[in-house]
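Residue numbers start from 1 in every chain, and the chains themselves are labelled A, B, ... in the order their sequence lines are given, proteins ahead of strands.
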Protein chains: 2
Amino acid sequence: MATTIRQVATAAGVSVATASRALSGSAAVVASTKERVCRVAEELDYTPSRLGRSLATGSTGNVGVILPDVTNPFYTSFLAELETVLGARDIGILVGDSHENPELERSLIRRMTGQVDALILASSRLQDADIAMAADRLPVVLANRMLEPGTDCPDRLSQIALDIDPGFTEAARHLWALGHSQIAYVDGPLHSWSGRQKRESLTRVCAELGMSLIISRTEQPDFSGGRESLAGVDTDEVTAVIAFNDQVALGLLSALRDTGIAVPERISVIGCDDSLPNGLAWPSLTTVDSSSRTLGALAAAAILDPLHQRTGTVPSRLIVRESTAQRWGRAATSVHTGTSVVT
Amino acid sequence: MATTIRQVATAAGVSVATASRALSGSAAVVASTKERVCRVAEELDYTPSRLGRSLATGSTGNVGVILPDVTNPFYTSFLAELETVLGARDIGILVGDSHENPELERSLIRRMTGQVDALILASSRLQDADIAMAADRLPVVLANRMLEPGTDCPDRLSQIALDIDPGFTEAARHLWALGHSQIAYVDGPLHSWSGRQKRESLTRVCAELGMSLIISRTEQPDFSGGRESLAGVDTDEVTAVIAFNDQVALGLLSALRDTGIAVPERISVIGCDDSLPNGLAWPSLTTVDSSSRTLGALAAAAILDPLHQRTGTVPSRLIVRESTAQRWGRAATSVHTGTSVVT
DNA sequence: GGAATGAATGAAACCGGTTACATTGCTACT
DNA sequence: AGTAGCAATGTAACCGGTTTCATTCATTCC
């Protein structure tokens with residue numbers, strides 16, 4: 001089949017050991033020999049087998065990435081960043097889609113363990129114990145998730161998360177400043193760690209401000225889930241909605257448009273992630289920026305760093321665009337559009 | 001580190017050969033022995049090393065997928081379908097993003113060859129010769145691309161493409177029926193095979209109908225490329241635009257909105273792929289449906305089928321929604337919305 | 001001149017599986 | 001009873017690399 005190192009060695013008149021050394025440069029080989037081996041390898045179009053090398057060295061040059069949904073832009077930019085940074089170092093990526101399913105996630109981990117050098121779990125829906133068990137076998141990077149404070153963290157586990165608190169605090173204050181006093185939050189899947197963070201942030205800030213907060217959820221944090229989730233929002237009670245992510249916000253926007261409820265005049269909408277190219281949503285979406293690209297960059301850094309930094313955090317902030325405005329029912333001038341809104 | 005088959009064999013008091021046979025069921029092993037080996041394996045939490053197995057059997061249980069942009073929804077649904085179908089058979093996916101760059105694509109192929117059982121090249125930007133060379137080494141599935149008719153096709157090359165001709169023909173006729181006589185087509189990257197198909201289809205149909213067609217292109221067939229591409233469209237001359245894909249159409253829609261040109265009243269817009277969840281675009285996008293999910297399903301089938309079907313085709317058709325209407329300047333009733341449009 | 005030093009290379013073990021071939025032991029037939 | 005035939009199991013080679021250890025040979029120092 002493909003040329004092996006033995007063929008190269010024979011053709012160059014050296015032993016396989018010398019051929020291996022000449023090609024990998026791992027040990028001293030006299031210049032003339034090295035040159036000859038390399039030339040022969042070139043002629044025979046030799047490419048070392050990664051399998052053979054992996055078995056011998058114990059390192060595969062691949063990492064596994066498991067995420068809940070490959071079609072979600074949040075994860076695709078995360079993945080794109082990883083692929084770019086790791087690919088530049090000739091590291092391959094085995095990708096697995098858990099479809100938000102813990103059982104499937106476990107079996108993906110099982111399949112990958114042993115053929116990758118490290119595992120990156122994005123928004124893992126597993127329990128802490130399962131994650132710790134995986135980290136016992138190989139280095140693991142948890143992205144967009146942290147273990148419970150109490151848990152004793154295995155040595156080879158890194159944790160990279162978005163610190164959504166500042167962004168969500170800002171978002172609530174922004175709405176408060178616009179006169180909103182009753183808002184809704186549409187949360188994501190049940191076992192989402194980041195969902196809990198967002199709920200907790202909002203709950204705390206709203207309590208501080210004396211703003212009423214109604215929480216509902218969608219198990220499917222994408223566009224269609226967002227559309228359906230409008231049914232769970234009392235649009236008579238509430239004047240603003242914060243969504244788990246931009247996809248859900250986009251779905252809400254679309255459903256609101258169908259229902260004839262004007263955004264931002266009647267209801268303000270805030271997304272999360274800033275994952276949409278600017279201009280895609282209409283009106284353009286006020287959102288909590290927490291770059292998944294940066295998350296990917298940090299995860300890649302955790303993989304490449306031999307010391308394996310234990311934790312990392314991506315900051316967040318509010319980006320105000322055109323989907324939020326003065327509260328409905330209050331005669332006032334919209335701070336953003338300048339158009340006049342009356343009762 | 002991890003338990004090996006030799007440890008299992010020793011613990012069960014059999015040879016490695018028997019252990020291997022008992023665990024894989026490849027040959028006859030007496031029931032009691034088999035039961036004992038399996039129980040020991042269970043106790044020791046043994047998982048066979050895919051590396052060792054790959055080296056011995058010559059098959060890795062992984063396939064490589066190379067695509068031009070992991071963040072493009074067209075490719076992510078393609079990838080998602082592949083992952084689902086192949087994952088169900090416990091086949092792993094190594095993913096590579098070529099960033100529309102032939103050089104990078106070649107190096108990804110080089111990296112993957114030898115550690116995958118087959119390669120899936122989506123919208124490859126390589127030359128036919130490069131592709132044939134890859135197919136000499138391992139089975140290759142070309143997706144969304146066909147070799148030149150003349151090229152002698154290697155044995156292990158499958159070709160799965162979208163037959164966009166019916167859809168694009170329908171699209172042009174649709175516009176013609178609405179009274180449009182001057183239309184524009186915004187094409188994708190220079191070396192895109194599907195782009196050429198689309199250009200050729202439109203050129204042919206427009207010539208038949210006597211409709212004038214102006215072609216421009218964007219090298220970046222995504223939302224922002226679409227926004228920029230409006231600059232290359234003479235909106236005074238043309239009353240309808242067909243886009244390379246839905247992302248570009250979405251960008252056009254956004255840029256047109258900014259410019260204050262109403263869609264579909266002033267200009268009709270048609271996308272391609274039907275890759276957007278319904279309701280995401282506003283107005284909802286008339287588009288040529290050519291499911292990339294189906295493309296993925298066919299590619300997966302080509303991988304799984306031991307006979308390797310040589311070619312497959314995904315049909316296309318026009319889906320009329322709300323971004324196309326009667327030509328601007330003609331007093332008439334819009335066929336779709338029922339709203340009256342006058343000069 | 002002889003021994004110590006060290007550089008270049010080769011032989012062989014090893015990574016963790018699979019499998020061709022050899023061996024053992026039992027059944028069944030003549 | 002002797003042997004052919006077959007099922008269960010073991011031995012060892014093999015996949016394609018890397019790496020330890022041994023060997024060879026030239027240099028340098030005393």
[X]: side-chain contact (heavy atoms from CB on, under 4.5 Å) partners, not counting sequence neighbours:
{"X": "B:Leu55", "value": "A:Leu51, A:Leu55"}
{"X": "B:Ala300", "value": "B:Leu82, B:Val85, B:Leu86"}
{"X": "B:Ser123", "value": "B:Pro68, B:Tyr75, B:Arg125, B:Asn144"}

Tell me which pairs pass salt bridge (charged side-chain N to carboxylate O under 4.0 Å, His left out) where either residue lies in [range], with sequence neighbours left out.
{"range": "residues 68-83 of chain A", "answer": "A:Glu81-A:Arg293"}
{"range": "residues 12-30 of chain B", "answer": "none"}
{"range": "residues 47-58 of chain A", "answer": "A:Arg50-A:Asp90"}
{"range": "residues 130-144 of chain B", "answer": "A:Asp45-B:Arg137, B:Arg106-B:Asp130"}

Minimal non-hydrogen separation, A:Ile66 against A:Met112, with atom names: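 Looks like CG1-SD, 4.0 Å.
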Bending between helix ends of the helix from C:dG1-D:dC30 to C:dT30-D:dA1 [5 pairs per end, 10° resolution]: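 Taking the rotation axis at each end, their angle is 60°.
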Any residue of residues 28-40 of chain B with a heavy atom less than 4.0 Å from an atom of DNA chain D: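 The answer is B:Ala28, B:Val29, B:Val30, B:Thr33.
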Letter per nucleotide, 5' to 3', of nucleotides 15-21 of chain C [B base touched, S only sugar-phosphate touched, - untouched; heavy atoms, 4.0 Å]: BBBBBB-
Qualifying side-chain hydrogen bond (donor to acceptor under 3.5 Å, both in side chains) pairs with a residue from residues 25-42 of chain A, counting only residues at least two apart or across chains: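 Sorted pair list: A:Ser24-A:Ser26.
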Listed partners of B:Ser124 passing side-chain hydrogen bond (donor to acceptor under 3.5 Å, both in side chains), at least two apart: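 side-chain hydrogen bond (donor to acceptor under 3.5 Å, both in side chains) list for B:Ser124, sorted by chain: B:Glu105.
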